[in-house]
Enquirer: 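Here it is: the structure, laid out below.
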Amino acid sequence: MSQQTFQVFLCAMGLTALFVFIALYFIKAGYGMFRTASWGVSIDNKSAWILMESPVFFVMLILWAYSGTGTAVPEFIFLLLFLLHYFQRSFIFPLLLKGKSRMPVAIMAMGIVFNLLNGIMQAGGIFYFTVEGQQYAAGWHYFLSFRGIGGLLLFFIGMGINLHSDYVIRHLRKPGDTRHYLPNKGLYRYITSANYFGELVEWVGFAVLTASPAAWVFVWWTFANLVPRADAINKRYREEFGVEAVGKRKRIIPFVY
């Protein structure tokens with residue numbers, strides 16, 4: 001793939017995310033609380049999450065190995081941060097899931113396709129097609145810059161919010177309980193999708209840190225996927241628990257939306 005082809009690929013991914021953003025305000029992705037029989041064949045949640053999320057972990061690892069970058073800093077640190085997120089998301093998060101929820105195979109398949117493409121996109125942006133003049137030549141000093149410090153802080157703050165929010169959700173029910181509950185701890189006091197907010201902040205941090213256009217396209221994809229779903233979740237909570245119970249909580253960005 002040439003530099004020019006890669007730029008076209010980024011533009012195509014960005015444009016596709018726009019269509020996804022618009023569509024998800026009209027079509028609720030059928031997993032979690034929005035799963036219905038109309039989405040067709042489904043498999044258990046744990047297997048689905050592993051199969052859906054793990055491809056990007058391996059694609060990123062393989063493309064790094066073939067890039068010849070080795071352990072050069074800061075690229076190798078970027079790789080480790082990316083793999084840290086997806087190791088947790090692919091191999092730890094699914095095993096912590098409770099209950100007997102299922103995911104439609106169609107949703108899982110779409111997730112696999114996106115993750116394969118995103119692995120190519122992120123590896124290309126960091127290891128193969130860096131922005132001209134941005135060759136990460138500063139080594140370890142890169143992390144002393146405003147971009148380095150700010151990006152790392154945002155990445156780990158976002159990861160912390162995401163992990164804590166997932167923990168809150170997992171512990172809403174006692175064993176055997178199948179009822180729905182309104183989360184009220186942590187950032188759930190201000191937004192109804194705190195886990196999504198954490199993930200969005202995390203990838204903004206990664207984009208700031210790497211200064212990679214590919215990473216910013218991933219931020220746009222994350223926004224396009226999560227913001228409409230956060231809107232749907234907020235509406236479902238208001239229907240299920242009442243407007244008064246949800247109160248002034250926003251959807252995904254505290255005090256804003």
Side-chain angles (χ1 to χ4, degrees), residues 1 5-6 8-64 66 82-125 162 166 169-170 193 195-196 198-200 202-203 206 214-233 236 252:
M1 184 185 294
T5 302
F6 184 69
V8 172
F9 173 50
L10 292 185
C11 291
M13 288 291 286
L15 184 60
T16 303
L18 176 61
F19 288 115
V20 169
F21 176 70
I22 295 170
L24 287 179
Y25 271 102
F26 299 94
I27 303 170
K28 297 180 180 65
Y31 64 95
M33 66 172 67
F34 298 113
R35 185 176 77 86
T36 63
S38 64
W39 281 90
V41 178
S42 62
I43 64 173
D44 69 279
N45 242 1
K46 289 182 173 64
S47 299
W49 276 102
I50 293 170
L51 292 170
M52 182 172 67
E53 298 288 350
S54 60
V56 70
F57 181 92
F58 294 112
V59 167
M60 192 74 164
L61 201 56
I62 291 168
L63 291 178
W64 161 75
Y66 276 96
F82 191 88
L83 295 183
L84 173 64
H85 172 91
Y86 276 103
F87 183 82
Q88 193 279 333
R89 183 57 60 177
S90 303
F91 308 113
I92 297 177
F93 171 77
L95 300 181
L96 295 174
L97 292 172
K98 297 181 179 181
K100 298 181 180 180
S101 296
R102 300 177 67 81
M103 182 184 294
V105 171
I107 294 292
M108 183 189 73
M110 287 186 281
I112 290 172
V113 170
F114 170 74
N115 278 316
L116 288 171
L117 292 174
N118 191 40
I120 295 169
M121 185 165 65
Q122 300 314 310
N162 182 254
D166 283 343
I169 290 290
R170 283 197 305 271
S193 292
N195 50 342
Y196 293 168
E199 188 165 352
L200 185 58
E202 187 177 353
W203 292 123
F206 189 77
W216 283 110
V217 173
F218 185 27
V219 169
W220 167 224
W221 257 100
T222 303
F223 183 92
N225 183 44
L226 298 185
V227 169
R229 187 167 180 84
D231 177 66
I233 289 172
R236 172 64 66 87
I252 186 172

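All of these numbers come straight from a predicted model, not from anything done at the bench. The residues of the chain are indexed from 1 along the displayed sequence.
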Enquirer: How long is the straight-line distance from CD of E53 back to CZ of F114, given to the nearest 0.5 Å?
Expert: 9.5 Å
Enquirer: Could you tell me how the ring of F93 sits relative to the ring of W49: parallel (under 30°), tilted (30 to 60°) or perpendicular (over 60°)?
Expert: perpendicular
Enquirer: Which distance, rounded to the nearest 0.5 Å, do you find between the CZ of R102 and the NZ of K46?
Expert: 12.0 Å
Enquirer: For residues A17 and A224, report the shortest heavy-atom separation together with the two atoms involved.
Expert: O-CB, 3.3 Å
Enquirer: Of the non-hydrogen atoms in S193 and I252, which two are nearest, and what is the gap between them?
Expert: O-CG1, 4.2 Å
Enquirer: Would one find more than 12 heavy atoms of other residues, nucleotides or ligands at under 6.0 Å from atom OH of Y66?
Expert: no
Enquirer: I'd like to know if the side chain of N162 and the backbone of N195 have a donor-acceptor N/O pair within less than 3.5 Å.
Expert: yes
Enquirer: To the nearest 0.5 Å, tell me how far M108 CE sits from L51 CG.
Expert: 5.5 Å
Enquirer: With sequence neighbours excluded, give me every side-chain hydrogen bond (donor to acceptor under 3.5 Å, both in side chains) pair touching residues 110-122.
Expert: N118-Q122
Enquirer: Whether the side chain of W221 engages the backbone of M13 through a donor-acceptor N/O pair (distance < 3.5 Å, no angle test) should be reported.
Expert: yes
Enquirer: Less than 4.5 Å apart, any side-chain heavy atom of L10 and any of M121?
Expert: yes
Enquirer: Which heavy atom of I112 sits nearest a heavy atom of P55, and at what distance?
Expert: CG2-CG, 4.2 Å
Enquirer: Should the ring pair F9 and F6 be called parallel, tilted or perpendicular, given that the plane angle runs from 0 to 90° and is split at 30 and 60?
Expert: tilted
Enquirer: What pair of heavy atoms forms the shortest contact from V219 to L200, and how long is it?
Expert: O-CD1, 4.1 Å
Enquirer: Relative to the ring of W203, is the ring of F218 parallel (under 30°), tilted (30 to 60°) or perpendicular (over 60°)?
Expert: tilted
Enquirer: Report the distance from atom CD of E199 to atom CZ of R89, rounding to the nearest 0.5 Å.
Expert: 5.5 Å
Enquirer: How far does CZ of F58 sit from CG of L63, to the nearest 0.5 angstrom?
Expert: 13.5 Å
Enquirer: What distance separates E202 CD from F206 CZ, expressed to the nearest 0.5 Å?
Expert: 9.5 Å
Enquirer: Considering only heavy atoms from C-beta outward, does the side chain of Y196 approach that of R229 to under 4.5 Å?
Expert: yes
Enquirer: Quick one: closest heavy-atom pair of W39 and M110, and the distance?
Expert: CZ3-CE, 4.0 Å
